[in-house]
Amino acid sequence: MTNSFEQAIAASVAALGTLTESEVLALLAIPQDPSHGDFSLPCFTLAKLLRKAPKAIAENLATQVVLPPGFAKVVPVNGYLNFYIDRAFLMQQVLGEITTKGTQFGHYPRRGERVVIDYSSPNIGKELAFHHIRSTMIGSSLSRIYHAFGYDVVRINHLGDWGTQFGKLITMYLREGLPTDPASLATLEIKDLNQLYASFSKVAKENPELEDEARAAFTRLENGDPFHRTLWTAFKNATLKELDRLYTQMGVVFDHYTGESFFEPQIPAVLAELESKKLLVSSQEREVVLLDDLDLPPCLIRKSDGSTLYATRDLAAALHRMREYQFAKCLYVVDQGQALHFKQVFATLAKMGYDWSNRLVHIPFGLILHLNEEGKWEKGKTRSGHSSLLRDVLEAAKEKIITTIREKNPDLENADSVATQIAVSALAFNDLKNRRLMDVKFDWDAALSFEGATGPYIQNAHVRLCSIGRKAGYVAEASQVDWSFLTDDHSYELVRILTRKSEKIRQACENDEPAILAQYSLEIAEAAHRFIHHNRVLGTEQERSRLFLVQCTQIVLEDVLQLLGVFPIRAM
RNA sequence: GCAGAUGUGGCCAAACUGGAUAAGGCAUCUGGCUACGAACCAGAAGAUUCCAGGUUCGAAUCCUGGCAUCUGCACCA
């Protein structure tokens, strides 16, 4: 949308000579202050070329340039050449396109390339901690953004369902003499597993030999011991039950749950390949791939007891994904603490001769910090009494919202499920609104206040737009619109923002940064709230025109919310 | 020690990737509901963008050198 306007300006300016169209396009900017127009051409680089003052150049250009169709005026200000679009024209163009394309407005054509996104990827046997929301929501949103940008997306939950921690669980389970018959195993719950972990660390503190016992148990599992395998399956099922419940609540989906165990049978082939390519080196009874020439520490492939590590399994996973999906890009949405690990894995693949290793991208993000007693932000522990389990935080947010709903809208149907959706959007938005490398400073009270720049604020804007549509009782058509009714500042501000949707999708995708769309959703919500507040729709002579703008805004906001992985609510 | 991330009003932070007077939110102060949904809107006040140099017509943004905070650095994942 914006493009065609920029093209028109570029063509007009290029027609005067001096600059080519592409040079103009490169210079052209969108002023942040709307009073400076819709597009702006800084003339400073021209100063040297023409040996004239930028101010004079802008003034000169202003008199010479032929105003492209749809533009109202061009004004030179302090070395900038500012172009103003005709408001009614812009409105007509943009709303027309939104009406034909619907929620697909601003999306890109399919490009026939595949992107694999690995996100959430929690450990089996442990409850989802609140910090797991980061990889889960960033990945969920990125998968939607990549799709909107034209890629085919493969969403993978790379479960941590293999490794020494299962040795610990099995060891503790047997030590406590818990029942191992199928019926009892089927009733296992995630809480029980958490309990086992806790008691393991307690006991292991006094009896360090328990660690060896756990390692031995994992080795037996790795060697296919049927009994150990049965326990492992039971642990996994108990965890998946709870994961599924949470993912459903959060609207998070995956195409594949290929955990680490899935790659276990492929490990020998990987080891053999490393061996045959002479990359495996023994060091202190462990086998590693040396990466000294890249200034990286060695990549640890096999422990002294012969069992493998997660780097080994990541190698197998990457090879498998390439074979299976022929990806153009493969994203790992994992916290930045693991940057080194991914560098090592990617470097190892490069050493194995796979030139596609440069299509593997680690998407790092910052920590979730909590306020401690001294008022400092720190990792882990929440302030007195607050749980840090995801399900507890979700529940607390939901309770708070239900209270608000009972106050403000006691007659609301499905109050419970609406509350869940608002709670999810509040937490998701809190997580996505800032650049992903920033640490999320989670203050329980602030996060649950739901005023200002929050998920509920945006949902509320969407609800108000829907509500006006509902009360109107009909759908406005473009043919009924008098475009001159939509040239006031608030309408103009709104449409100006809607125009930029495709640009925002592009930026969010190219930077792997959902925050760009989160900020954008805020911009839309702000402008929508303002428009609604200042421009009465129903019962005015501008009713049909304004309703049309309301409908279009709702469509855009609905899709942007979905791109964030948030369910757009119609009543709250 | 080495590597990476971060540093912007009292607090949280944005900035089209080098453009105009550095957004927005919280907290503070002022005003607006017999409501197209006030989970909102309007207004006030609050900034040496960590420091020092450099590049540029122009720097929060790029370069050099510091400082601070956080994270990671071979048998957990």
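Every chain is numbered from 1, with letters handed out A, B, ... down the list of sequences.
Geometrically, A:R544 does not engage A:F485 in a cation-pi contact defined by less than 6.0 Å to the ring centre and at most 45° from the axis. The cationic atom of A:K501 (NZ for Lys, CZ for Arg) does not lie both less than 6.0 Å from the six-membered ring centre of A:Y520 and within 45° of the ring axis.
Remark: ring of A:F44 not stacked against base of B:G58; the cut-offs of centroid gap under 5.5 Å and plane tilt under 30° are not jointly satisfied. Under the stacking criterion of a centre-to-centre distance below 5.5 angstrom and an interplanar angle below 30°, A:Y80 sits stacked against the six-membered ring of B:A20.
Each of A:E222, A:R302, A:E264 was scored for a side-chain hydrogen bond (donor to acceptor under 3.5 Å, both in side chains) with A:T308, with one residue passing: A:E222.
Protein atom CG of A:L27 is 17 Å distant from nucleotide atom P of B:G58, rounded to whole Å. The interatomic distance linking A:R436 (CZ) with B:A14 (P) rounds to 13 Å, in whole Å. Nucleotide B:U6 holds its P atom 22 Å from the CD atom of A:E378, rounded to whole Å. A:R500 has its CZ atom 13 Å from the C1' atom of B:A23, to the nearest Å. The CG-C1' distance, from A:N157 to B:A77, rounds to 14 Å in whole Å. Taking atom CD1 of residue A:I30 and atom P of nucleotide B:C16, one finds them 12 Å apart after rounding to whole Å. Atom CD of A:Q32 is separated from atom P of B:A22 by 9 Å (rounded to the nearest Å). Taking atom CG of A:N78 as the reference point, atom C1' of B:G58 lies 13 Å away to the nearest angstrom.
Taking every heavy atom of both residues into account, A:K351 and A:L291 meet most closely at CE-CD2, 3.7 Å.
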Can you give each donor-acceptor pair under 3.5 Å made by side-chain atoms of residues 75-83 of chain A, sequence neighbours left out, with the distance rounded to 0.1 Å?
{"unit_1": "A:N82", "atom_1": "OD1", "unit_2": "A:S40", "atom_2": "OG", "d": "2.8"}
{"unit_1": "A:N82", "atom_1": "ND2", "unit_2": "A:H36", "atom_2": "O", "d": "3.4"}

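B:A15 and B:G53: their C1' atoms are spaced 25 Å apart (whole Å). For the P atoms, the distance linking B:U71 with B:G19 amounts to 34 Å, nearest Å. Comparing B:A59 with B:A52, their P atoms sit 15 Å apart, to the nearest whole Å.
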- Evaluate salt bridge (Lys or Arg N to Asp or Glu O under 4.0 Å) for A:E211 paired with A:R215, printing each intermediate quantity in order. CA-CA 6 Å; A:E211 297 280 355; A:R215 264 193 288 275; 5.0 Å; no
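Of the candidate nucleotides B:G37, B:C12, B:G4, B:G4 has the atom lying nearest to any side-chain atom of A:K343. Between B:A74, B:U6, B:G37, one nucleotide has an atom nearer to the side chain of A:P298 than all others, and that is B:A74. Of the candidates B:G37, B:A13, B:A3, the closest approach to any side-chain atom of A:K471 belongs to B:G37. In this structure, the nucleotide among B:C41, B:G37, B:A5 sitting nearest to the side chain of A:Q336 is B:A5. For A:K376, taking side-chain heavy atoms from C-beta onward, the closest of the listed nucleotides B:C40, B:A20, B:C70 is B:C70. The side chain of A:H529 has B:C41 as its nearest neighbour among B:A14, B:C41, B:A20. Here the nucleotide nearest the side chain of A:N460, chosen from B:G37, B:A74, B:C12, is B:G37. When distances run from any side-chain atom of A:M572 to the nucleotides B:G37, B:G19, B:C16, the shortest one goes to B:G37. Listed candidates were B:A5, B:C16, B:G37. Nearest to the side chain of A:V463 is B:G37. The side chain of A:I468 approaches B:C36 more closely than any other nucleotide in the set B:A13, B:C16, B:C36.
Nucleic acid contact for A:N409: base, since at least one base atom lies under 4.0 Å from a heavy atom of the residue. At the heavy-atom level, A:Y457 lies under 4.0 Å from the strands shown only through sugar-phosphate atoms. Counting any heavy atom pair closer than 4.0 Å across all strands shown, A:N511 reaches a base atom. Note on A:R313: only backbone sugar-phosphate atoms sit closer than 4.0 angstrom, heavy atoms only; bases stay farther off. Contact annotation for A:H341: no contact, since no heavy-atom pair falls under 4.0 Å across all strands.
Not one side-chain nitrogen or oxygen of A:K126 sits closer than 4.0 Å to the OP1 or OP2 atom of B:A77. Between A:S467 and B:C36, a side-chain N or O to OP1/OP2 separation shorter than 4.0 Å is absent. In terms of phosphate contacts, A:W162 brings no side-chain nitrogen or oxygen within less than 4.0 Å of OP1 or OP2 of B:C76. For A:R530, no side-chain nitrogen or oxygen approaches OP1 or OP2 of B:C41 to under 4.0 Å. Look at A:Q284 and you won't find any side-chain N or O under 4.0 angstrom from OP1 or OP2 of B:A74. Checking the phosphate oxygens (OP1, OP2) of B:C16, no side-chain nitrogen or oxygen of A:R506 falls inside 4.0 Å. For the pair A:R435 and B:A5, the criterion of a side-chain N or O lying under 4.0 Å from OP1 or OP2 is not met.
Side-chain N/O atoms of A:E523 and A:Q519 include no donor and acceptor closer than 3.5 Å.
Side chain A:T164 to base B:A77: no donor-acceptor pair is found below 3.5 Å. Judged by atom type and distance alone, A:N82 reaches the base of B:A20 through a side-chain donor-acceptor pair under 3.5 Å.
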Protein-proximity profile, nucleotides 25-34 of chain B, B/S/- by nucleotide at the 4.0 Å heavy-atom cutoff, equals SS-----B--
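In a base pair of the Watson-Crick type (N1 to N3 plus N6-O4 or O6-N4) or a G-U wobble (N1-O2 and O6-N3), with each distance short of 3.5 Å, B:U21 is matched with no nucleotide. Pair assignment for B:U48 gives none, since no Watson-Crick or G-U wobble pairing has each distance under 3.5 Å. Using N1 to N3 plus N6-O4 or O6-N4 for Watson-Crick, or N1-O2 and O6-N3 for G-U wobble, each under 3.5 Å, B:U69 pairs with B:A5.
Annotation: side-chain contact (heavy atoms from CB on, under 4.5 Å) contacts of A:A571 (sequence neighbours excluded): A:L412, A:R470.
Shown here, B:U17 is classed syn by the O4'-C1'-N9-C4 or O4'-C1'-N1-C2 angle, which is within 90° of 0.
Within the 6.0 Å centre-distance limit, the rings of A:H341 and A:Y310 are counted as a close aromatic pair. For A:Y119 and A:F365, the ring centers sit 6.0 Å or farther from each other.
Judged by distance alone, the side chain of A:N157 and the main-chain N or O of A:S121 form a donor-acceptor pair under 3.5 Å.
Comparing A:R464 and A:S40, the nucleotide of RNA chain B nearest to each residue sits closer to the 5' end for A:S40.
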